[in-house]
Structure formats: structure tokens, C-alpha cells
*Asks:* 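One structure coming up, written as C-alpha cells, with questions to follow.
Given the structure is predicted, the values throughout are model-derived calculations rather than measurements.
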Amino acid sequence: DELPPALKLVWPLIRIIAYYLCTNLPIPYLDRLEKRLQQTGVAYYVNAEEFFAIRVFSAFLFPILVLLAALMLKKLSLLIFIGSILMGFFLPVIWLSETKVKREKEVMRALPMYLEFISMCVEAGLNLTGAMNQAVEKGPSGALKHEFLTVMRDIRAGASRADALTRMAERLDIKAVSAFVRAVIQAEKLGSSMSKVLKVQSDQRRNERFQRAEKLAMEAPVKLIFPLMAFIFPVTFMILAFPIVVKFMNQGFL
């Protein structure tokens, strides 16, 4: 897995910071950070120590950029300099949170389609592993496809299907995926019809997607109130009032 282009340039320095500084961090903190990286989907190219090293490097880089800008403008404020250090230290965390939200939306959007593929393949006579393999080959690319590929690699490496799916649910930490994994594992243990379970899960996820779309559509007018009141209505009133004001000024009322 290749690093992002921005990290390739400074990666040796990141590794040095991670080796000499970040390896002494508390183990519980590193475990929580590692779990968060897995949930965000970036743990395959950066670990907890390296991510904290990125934060430290960013905390040094931002003040340098601010200092260069201050020298060009001939203005420097201690408050801005301290704020740039804090901004550089917390910017990777902000990026991580935004990436996690974006990834969850992508997974929720692709999950009904993958469940449809898996359900159709199981109804056609394939077992669940073969159905997931076909869904990975035919399904759209993205975070969910990467997770199913990881599940298939875990199964080929010797892990049981239930363990591989459970790991996927822990990595994603999404209620819909956890519900799907629990339903599949329970169906295998009880000997229930896998095709029916998958069909129910697919219908439920599709209905949830429609409900989310309806919710966003109902929230749109409320979100538009502030832009309308702050930007559109004042300009409209100014355009309507301008001819009236000019007429009053010509007649001597103003």
C-alpha cells in the first residue's frame, strides 16, 4: 500500500520521530489510537506511533509557515504563533474525524448493493464465501470492497468465516454492518436459511437508505433558513428598495 504523496516526502523524518519519541507513549492511548485508525481505514499504511509523529511534525511545520508569512507581511503575533502550533497538532485529528465520517457514508451507500449481490449469489447456489467473492469482483470499488477483500484474505489465511466477519464489524464500527454480521453468524449457528437472512438484511438496509434520504430532504429547508435570511433576502430587499429610494430622492422626500 503506497503512502499519500504528501507523506512520501517527509516519511523518513516521520519514522525518526516515531522511533525516538512516540514509542514511549502510554500503551492504552496507543491502543485507542490504533483502533480509531482501523475504523477510519488508514491503519494499513500508518500505525499509532507514526500517526502521533505526524501530529508532532505538523505542530512544527505550521509555525514555520506562519513565521514565513509573518516575515513577508512584517507582522508577527504571539497569539497567532501559539495558535498555529495548536492548529498543526490537532489538524491530523480533524482530518481523521472527517475521513471516518466520509468512509461511513460511503460504506452505508454501498452496503445494500453488496448485500443484493451476496443474496443473489447464495440463491443461485453458491456458499457465503463464494458469494462474497463474487460480490467483491462485481461490486463497486470503495471502502466496503476493501473490507470484504480483507475478509477474504483472512479466510484464506485460515481464520473462520465468523471471525473474519467479526473483525470487519469491529474495524468499521457501524451498526448496520454489525447487524449484518450478527445475523449471518446466528444463521450459521442455528442452521437457518442463509438466503432468507441475506434477503431480509438487504431489504432492511435499502429501506434505511431511503429513510436517510427522506430525512436529509426534510432537513434541507431548515438548513436553508440561515443562508436565505443572511444573504439572499437582504440583497433582494436592496434591489427592490433601490428604485423606490431613488424616486423619493428625486422628489425631494429624502
Side-chain angles (χ1 to χ4, degrees), residues 1 28 30-44 47-48 96-216:
D1 295 319
L30 293 176
D31 291 339
R32 292 195 301 268
L33 185 56
E34 186 71 28
K35 183 178 180 180
R36 190 173 182 184
L37 292 174
Q38 290 178 357
Q39 294 173 355
T40 313
V42 299
Y44 60 92
N47 56 30
L96 197 67
S97 300
E98 293 179 352
T99 304
K100 181 180 179 181
V101 173
K102 182 179 179 181
R103 186 168 184 258
E104 288 180 356
K105 291 180 180 179
E106 183 181 353
V107 169
M108 292 302 297
R109 186 165 54 248
L111 182 59
M113 185 179 300
Y114 273 90
L115 292 182
E116 286 284 354
F117 287 156
I118 296 173
S119 177
M120 287 188 296
C121 292
V122 170
E123 290 177 353
L126 292 176
N127 59 5
L128 183 59
T129 303
M132 287 191 296
N133 192 20
Q134 289 295 320
V136 168
E137 292 180 1
K138 305 298 181 182
S141 59
L144 190 58
K145 182 174 183 177
H146 175 75
E147 290 297 332
F148 274 116
L149 283 172
T150 305
V151 170
M152 301 305 298
R153 288 200 296 263
D154 289 344
I155 293 175
R156 286 194 294 268
S160 64
R161 189 161 55 196
D163 291 340
L165 290 172
T166 303
R167 292 174 188 172
M168 182 184 72
E170 292 176 352
R171 287 193 301 269
L172 290 174
D173 194 22
I174 300 175
K175 292 182 179 180
V177 177
S178 300
F180 158 68
V181 172
R182 286 196 301 267
V184 169
I185 295 175
Q186 187 176 7
E188 285 187 337
K189 290 182 178 179
L190 300 179
S192 303
S193 175
M194 187 64 67
S195 61
K196 292 182 179 179
V197 172
L198 292 172
K199 190 66 176 177
V200 171
Q201 287 292 318
S202 176
D203 294 340
Q204 186 175 358
R205 300 289 89 79
R206 188 168 55 251
N207 292 333
E208 289 177 354
R209 184 175 63 180
F210 288 138
Q211 291 174 1
R212 286 194 302 271
E214 292 177 354
K215 180 182 178 182
L216 292 175

*Asks:* Could you grab the distance from atom OG1 of T166 to atom CZ of R171, nearest 0.5 Å is fine?
*Replies:* 10.5 Å
*Asks:* I need the L111 CG to E104 CD distance, nearest 0.5 Å.
*Replies:* 12.5 Å
*Asks:* Rounded to the nearest 0.5 Å, what's the gap from CD1 on I155 to CG on L165? Could you check?
*Replies:*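 Going from the CD1 atom of I155 to the CG atom of L165 covers 6.0 Å.
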*Asks:* Test of understanding: with side-chain contact (heavy atoms from CB on, under 4.5 Å), list the residues that count as partners of L190, not counting sequence neighbours.
*Replies:*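 Scan of L190 (side-chain contact (heavy atoms from CB on, under 4.5 Å), adjacent residues dropped) gives Q186, S192.
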*Asks:* Can you name the residues that form a side-chain contact (heavy atoms from CB on, under 4.5 Å) with Q204, not counting sequence neighbours?
*Replies:*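 Q204 satisfies side-chain contact (heavy atoms from CB on, under 4.5 Å) with Q201, E208 only.
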*Asks:* How would you list all residue pairs meeting ring pair (Phe, Tyr, Trp, His ring centres under 6.0 Å) that involve residues 193-213, not counting sequence neighbours?
*Replies:* none
*Asks:* At what distance, to the nearest 0.5 angstrom, does CD of Q38 lie from CG of N47?
*Replies:*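 The CD atom of Q38 sits 11.0 Å away from the CG atom of N47.
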*Asks:* Which heavy atom in C121 sits nearest to a heavy atom in A131, and how many Å separate them?
*Replies:*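 The answer is CB-CB, 3.6 Å.
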*Asks:* What are the two closest heavy atoms between A179 and R205, and how far apart are they?
*Replies:* CB-NH1, 4.3 Å
*Asks:* Is the number of heavy atoms from other residues, nucleotides or ligands under 6.0 Å of M152 CE greater than 12?
*Replies:*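 It does: M152 CE has more than 12 such atoms within range.
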*Asks:* Under the 3.5 angstrom rule, does the side chain of E34 hit a backbone N or O of A48 as a donor-acceptor pair?
*Replies:*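 Flag set: sc E34 to bb A48 pair under 3.5 Å.
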*Asks:* What pairs with R32 under side-chain contact (heavy atoms from CB on, under 4.5 Å), at least two apart in sequence or on another chain?
*Replies:* P28, Y29
*Asks:* Heavy atoms, side chains only, cut-off 4.5 Å: are E147 and V177 in contact?
*Replies:*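 They are not in contact (no side-chain heavy atoms under 4.5 Å apart), so the answer is no.
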*Asks:* Going from NZ on K102 to OG1 on T40, what distance comes out if it is rounded to the nearest 0.5 angstrom?
*Replies:* 13.0 Å
*Asks:* Would you mind listing every ring pair (Phe, Tyr, Trp, His ring centres under 6.0 Å) that reaches into residues 151-203, with sequence neighbours excluded?
*Replies:*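 As it turns out, there is no ring pair (Phe, Tyr, Trp, His ring centres under 6.0 Å) pair with a partner in residues 151-203 once direct neighbours are skipped.
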*Asks:* Going by the rule salt bridge (Lys or Arg N to Asp or Glu O under 4.0 Å), which residues pair with R206 if we only count those two or more places apart in sequence or in a different chain?
*Replies:* E116, D203
*Asks:* Please find the pair of heavy atoms, one from F117 and one from G139, that lie closest to each other, and give the distance.
*Replies:* CE1-CA, 3.7 Å
*Asks:* Do you know which two heavy atoms are closest between A164 and D154, and how far apart they sit?
*Replies:*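 Smallest heavy-atom distance, with atoms named: CB-CB, 3.9 Å.
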*Asks:* Scan residues 120-140 for pairs that pass ring pair (Phe, Tyr, Trp, His ring centres under 6.0 Å), counting only residues two or more places apart or in two chains.
*Replies:*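 Pairs touching residues 120-140 that pass the test: none.
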*Asks:* Just how far is it from atom CG of L149 to atom CZ of R153, taken to the nearest 0.5 Å?
*Replies:* 6.0 Å
*Asks:* Ignoring hydrogens and geometry, is there a side-chain-to-backbone donor-acceptor pair from R103 to Q39 under 3.5 Å?
*Replies:* yes
*Asks:* Which pair of non-hydrogen atoms, one from L128 and one from I118, has the smallest distance, and what is that distance?
*Replies:* CD1-CG2, 3.7 Å
*Asks:* Applying ring-ring contact (aromatic ring centres under 6.0 Å, His included), can you list everything that pairs with F148, at least two apart in sequence or on another chain?
*Replies:* Y114
*Asks:* With R161, which residues qualify under salt bridge (Lys or Arg N to Asp or Glu O under 4.0 Å), at least two apart?
*Replies:* E188
*Asks:* For residues 133-145, which residue pairs pass the salt bridge (charged side-chain N to carboxylate O under 4.0 Å, His left out) check, not counting sequence neighbours?
*Replies:*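 Residue pairs passing salt bridge (charged side-chain N to carboxylate O under 4.0 Å, His left out), neighbours aside: none found.
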*Asks:* Using every non-hydrogen atom in the two residues, find where G142 and E106 come nearest and quote the distance to one decimal.
*Replies:* CA-OE2, 3.0 Å
*Asks:* Testing R212, R209, K175 for side-chain contact (heavy atoms from CB on, under 4.5 Å) with M108, which one passes?
*Replies:*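 By the side-chain contact (heavy atoms from CB on, under 4.5 Å) criterion, M108 pairs with just one of R212, R209, K175: R212.
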*Asks:* Can you name the residues that form a salt bridge (Lys or Arg N to Asp or Glu O under 4.0 Å) with D173, not counting sequence neighbours?
*Replies:*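 For D173 there are no salt bridge (Lys or Arg N to Asp or Glu O under 4.0 Å) partners, ignoring immediate neighbours.
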*Asks:* For E98, enumerate each residue passing the side-chain contact (heavy atoms from CB on, under 4.5 Å) test, keeping only those at least two apart in sequence or located in another chain.
*Replies:* I94
*Asks:* Quick one about R36 and S97 (side-chain donor to acceptor, distance below 3.5 Å, no hydrogens or angles considered), yes or no?
*Replies:* yes
